[in-house]
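To start, the structure itself, in structure tokens.
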Amino acid sequence: DYAIHPPSFADNGDGTVTDLVTGLTWQKADGGEMTWEAALAYADSLTLAGYTDWRLPDNHELFAILNHGTFNPALDTGVFMSSSAQYWWTVDAKVGDPSRVWVANAGGGLGPHPKTETLSAGGTKRFHVRCVRGVALLSDTTAARFAASDDGTVTDQRTGLIWQQVPADTMMTWEAAL
């Protein structure tokens, strides 16, 4: 309903793509099918476009590059190379169940899946790796994340989003909230 910060990408011409909204830099072509442990090692050892600080994305970062107007893959294939991936790994293991890892799927969804579902682990699905570099969107910082203003709002210092400080005191429909 609102086109605030629509997805925007730049092909850097060196095998990388910059997300112009978040500032993160992504692999243009994913690294192929592998286990989660191999994906972690792959990211740690990747040198691409002269950079060595590549990592697996967290689930919020990976979800942010999905194009929900397309599927299989739910990526902007004008900038990202298409692949046979059914899923892409994130760095996030499921809380309370380290045998499951959050992944994005080629249809545009996000959810925790067993590590053993990938072909490389004896499963039947293709889990690929796509690395990212840049300051993690949800990384811890020494600066305070939220700043209250005198006008009843709170600003998220990492995202720039501004939130109302006190929720509405009445129930309302979605349409009325808009």
Side-chain angles (χ1 to χ4, degrees), residues 1-12 16-28 30 36 39-40 43-44 51 53-71 73-80 85 87-115 127 129-178:
D1 289 303
Y2 296 99
I4 301 169
H5 304 300
S8 182
F9 301 99
D11 184 335
N12 299 318
T16 68
V17 172
T18 297
D19 180 334
L20 299 174
V21 175
T22 65
L24 295 174
T25 303
W26 293 86
Q27 273 183 296
K28 180 178 175 113
D30 71 38
W36 185 62
L40 290 168
D44 192 47
Y51 297 102
D53 59 345
W54 295 95
R55 60 184 172 78
L56 286 186
D58 69 36
N59 61 56
H60 295 91
E61 292 167 332
L62 188 55
F63 190 74
I65 67 167
L66 296 181
N67 178 347
H68 298 283
T70 65
F71 65 96
L75 284 173
D76 181 346
T77 54
V79 289
F80 291 102
Y87 301 91
W88 291 278
W89 293 114
T90 75
V91 71
D92 301 317
K94 183 178 179 196
V95 174
D97 185 358
S99 71
R100 298 171 72 86
V101 174
W102 285 86
V103 298
N105 70 53
L110 187 70
H113 283 256
K115 294 179 190 179
F127 288 72
V129 59
R130 185 177 306 273
C131 296
V132 67
R133 63 177 299 275
V135 177
L137 296 182
L138 297 179
S139 66
D140 291 328
T141 65
T142 56
R145 176 162 182 188
F146 298 101
S149 301
D150 292 333
D151 61 1
T153 64
V154 175
T155 301
D156 182 331
Q157 303 294 340
R158 289 190 203 144
T159 66
L161 293 172
I162 299 173
W163 299 86
Q164 67 186 73
Q165 195 168 23
V166 178
D169 60 357
T170 61
M171 296 285 293
M172 63 181 77
T173 66
W174 178 72
E175 290 83 3
L178 288 176

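Position 1 is the first residue of the sequence; numbering continues from there.
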Can you name the residues that form a side chain to side chain contact (heavy atoms under 4.5 Å, CB included) with A104, not counting sequence neighbours? L62, L66, L110
dist Y87:OH -> F127:CZ (nearest 0.5 Å) comes out at 5.5 Å
Report the residues that fulfil side chain to side chain donor-acceptor pair (under 3.5 Å) with D97, sequence neighbours left out, ordered by chain and then residue number. S99
Contacts of F71 that satisfy side chain to side chain contact (heavy atoms under 4.5 Å, CB included) - sequence neighbours left out: none
Donor-acceptor check, side chain of Q27 to backbone of C131, threshold 3.5 angstrom: yes or no? yes
Grab the two heavy atoms, one from N105 and one from G107, that are nearest each other, plus how far apart they are. OD1-N, 2.8 Å
How long is the gap from NE2 on H113 to OG1 on T90, to the nearest 0.5 Å? 11.0 Å
Identify, with sequence neighbours excluded, every residue that meets salt bridge (Lys or Arg N to Asp or Glu O under 4.0 Å) alongside R133. D53
Tell me every residue that passes ring-ring contact (aromatic ring centres under 6.0 Å, His included) with F63, counting only those two or more places apart in sequence or in another chain. H68
Please work out which of the three classes, parallel, tilted or perpendicular, describes the rings of F80 and W26, given edges at 30° and 60°. perpendicular
Side chain to side chain donor-acceptor pair (under 3.5 Å) involving T25 - partner list, sequence neighbours excluded: none
If you measure from CG on L24 to CZ on R55, what distance do you get to the nearest 0.5 Å? 6.0 Å
Which residues pass the side chain to side chain donor-acceptor pair (under 3.5 Å) test with T153, not counting sequence neighbours? D151
Testing the basics here: between P6 and V21, what is the closest heavy-atom pair and its distance to 0.1 Å? O-CG2, 3.3 Å
W88: side chain to side chain donor-acceptor pair (under 3.5 Å) partners, not counting sequence neighbours: D30
Check: P98 main-chain N/O paired with K115 side-chain donor or acceptor under 3.5 Å: yes
Polar side-chain atom of D92 near backbone of N59 as donor-acceptor pair, under 3.5 Å: yes
Contacts of type salt bridge (Lys or Arg N to Asp or Glu O under 4.0 Å), residue D11, not counting sequence neighbours: K28
Do you know the tightest heavy-atom contact between A106 and A85? CB-O, 3.6 Å
Do L56 and W36 come within less than 4.5 Å of each other through their side chains, counting heavy atoms only? yes
What residues, two or more places apart in sequence or in another chain, satisfy side chain to side chain contact (heavy atoms under 4.5 Å, CB included) together with D76? F9, V79
Listed by chain and number, what are the side chain to side chain contact (heavy atoms under 4.5 Å, CB included) partners of A176, not counting sequence neighbours? M172, T173
Output the distance between atom CG (L75) and atom CD1 (I65), rounded to the nearest 0.5 Å. 5.5 Å
Closest non-hydrogen atom pair, W54 against Y51: NE1-O, 3.1 Å
